[in-house]
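By convention in this document, chain letters (A, B, ...) are assigned in the order of the sequence lines, proteins followed by strands, and residues within each chain are numbered from 1.
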Amino acid sequence: MTGHADRTERAKRMEHEDQTEQPDTAERMGETGGGAWLLETVAVSKRYARDGRPLHVLDRVSLGVREREFVSVVGPSGSGKSTLFRLIGGVERPDEGMIRIAGRDVTGKRGLISYMPQQPSLFPWLTVRQNIASALVIAGIDRKRAAGLASEWLERIGLGDTAGAYPDELSGGMKQRVSFLRALLMPRDVMCLDEPFGALDALTRTRMQAWLLEQWEAHRRTVLLVTHSIEEAILLSDRIYVLGGAPTTVRREIPVPLPRPRRPDVWNDPAFGRLREEILALLGRSGGRDD
Amino acid sequence: MGDRRWRRALPPVFAIAGVLLIWQALCAAFDIPVWLLPDPWSIALYMAEEAVLLFGHVAFTLGLALRGMLLGVAAGVICAFLFHLLPAVRAAFSPLLVASQNIPLIALGPLLMIWFGVGILPKLILLVLVCFFPVAWSMLAGLGQSEPQLREYLAMIGASRLQTFLRLELPASLPYFFAGLKLTATYSFLTAMVAEWLGSGRGIGYFLVLQYKGFKTTGVFASIFCIVACSLVLYGLALLAESWVLSRLRMGGSRSKGGGRA
């Protein structure tokens, strides 16, 4: 949990950011096409051979994320969202199309994004601090600074007590906070969150969404979130790409016209409900599995 | 915790004491001659009398076993690394390796003696051949067993092959390494004893041969006790090393490999 002192500090920071960020936010909401993409998938297609039969997973999927923007990709389970991330991460190569970061073709290149998977994926033999530091060292930060950063930030998000604990001593929600912090601290331009709360129970999930919103409002990193939860996408995002069909294509790109900074109770806003209906309709209801 | 541990140790202690008592009673009841089957008390007395002599021989064999084990385990670990990191090497050599384990020691021993004489070298070679295999084989299995989620995570953040090996595969293979080490520890003392039959003037293996050739059955039994005790000690040391290392790495020893606590 975030400490009280931390909360007030964050409130101050947000106030400050509120003033400086306002024009930027307005511009972001007003404009959806064009602009300088920080991360971009350009007409990306992917096919697999499954049981000898070709399986067309992604069909010319084009989407983009601007700097300091929170973008979600929503689609039914099994719509190739994780495949999309593997392509962006460079673990696999698309059959057609390319991945660009800051305008540069980085198709098949690894180590350019920070990543938060669905499972916390913490190393059981490392403490919380070591887990974070270890990832930072892989990302090229020197050992001493990595350990310092890990300790400092664990304190900052109110997890200072857990720095020396091992992952099996933490609850599911705490593990995901650590996993998020690990992704946040990676010195990369884009954070890719792959269903980060998909494995949590409904209550923890709701809390974690509010927490992530709070963290993002405070740090404003460039985020691409994959989720099958429509509410989660609306709550957190500036824009939403709705995926669907087989093979998967981008059904529509939807800007979220809710003001920033956003509060977790934003779902009371009538715009929230309208957006939810729109996306549900796009997913054909049956596809919009949600919890 | 400690209390439960003692209670768990009680049944085997009672069982061993029971067997010794029955043995002693049978020897007395049927008046079995000492050269046929000595009673435990006579063996104990003999061991006490010849303690210095026995200790000298045991120490020699133990030294040989430990050196062989160290070399064998090192060879096993290196072999596992090579096979794991270079699949072509693995494909080429693994049948050969399995075959090597089927060469009977009884045939190999004399050959090694012909090639390398009666010094320490042929004995160490024999020990290494026996000791490296369990470690190599189980560690190789362990290196390929690491958690797929962690592997995927490292791939996504751009970890190199070497980083994946050092940060994931190597620590994840440690429980398997210790499984192999325990097997090796069990075999190493026995093998060292057999190796002494390849012409040695010292060691408990040499002493054992000397005793049975002279029909000194009590001496044979005393040697057997020493050998069993040393094998158990080596196994116990491997067990201690395992629980120390694995508990430090939160791997919970042999109790819960892979399965985390709730």
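When A/Arg86, A/Met186, A/Arg188 are compared by the number of non-hydrogen pairs under 4.5 Å with chain B, A/Arg86 comes out ahead. Considering only heavy-atom pairs separated by less than 4.5 Å from chain B, the leading option among A/Met116, A/Lys109, A/Glu169 is A/Glu169. Heavy-atom pairs under 4.5 Å with chain B peak, among A/Val91, A/Asp194, A/Ile88, at A/Val91.
Both the backbone and the side chain of B/Leu154 come within less than 4.5 Å of a heavy atom of chain A. Only the side chain of A/Pro117 comes within contact range of chain B, with heavy atoms under 4.5 Å apart. With a 4.5 angstrom heavy-atom cutoff, A/Ser134 touches chain B via backbone and side-chain atoms both. Heavy atoms closer than 4.5 Å to chain A are found in the side chain of B/Gln163, but not in its backbone. Only the backbone of A/Leu122 comes within contact range of chain B, judged by heavy atoms closer than 4.5 Å.
Around the CD1 atom of B/Ile106, the shell of radius 6.0 Å holds no more than 12 heavy atoms that belong to other residues, nucleotides or ligands. Counting non-hydrogen atoms of neighbouring residues, nucleotides and ligands closer than 6.0 angstrom, the CZ atom of A/Arg50 reaches no more than 12 such neighbours. Summarising the local packing, OH of B/Tyr187 is surrounded by 12 or fewer heavy atoms from other residues, nucleotides or ligands at distances under 6.0 Å. For B/Phe93, the CZ atom is loosely surrounded, since the number of other residues' heavy atoms within 6.0 Å does not exceed 12. A 6.0 Å sphere centred on OH of A/Tyr48 holds more than 12 heavy atoms belonging to other residues, nucleotides or ligands.
In this structure, B/Arg250 fails the cation-pi test against A/Phe123, since its NZ or CZ atom is not both closer than 6.0 Å to the six-membered ring centre and inside 45 degrees of the ring normal.
Using a 4.5 Å heavy-atom threshold, the side chains of A/Arg110 and B/Met156 count as separate. Residues A/Arg182 and B/Tyr153 form a side-chain contact, since some pair of their non-hydrogen atoms from C-beta on lies under 4.5 Å apart. The shortest distance between side-chain heavy atoms of A/Leu126 and B/Pro171 does not fall below 4.5 Å.
Across all their heavy atoms, A/Tyr166 and B/Arg248 have their closest contact at OH-O, 3.8 Å. When all heavy atoms of B/Leu150 and A/Pro124 are compared, the pair lying nearest together is CD1-CD, 4.1 Å.
Considering CD of B/Glu152 and CD of A/Gln118, their distance stands at 12.0 Å, rounded to 0.5 Å. To the nearest 0.5 Å, atom CD1 of residue B/Ile157 and atom CG of residue A/Leu112 are 12.5 Å apart.
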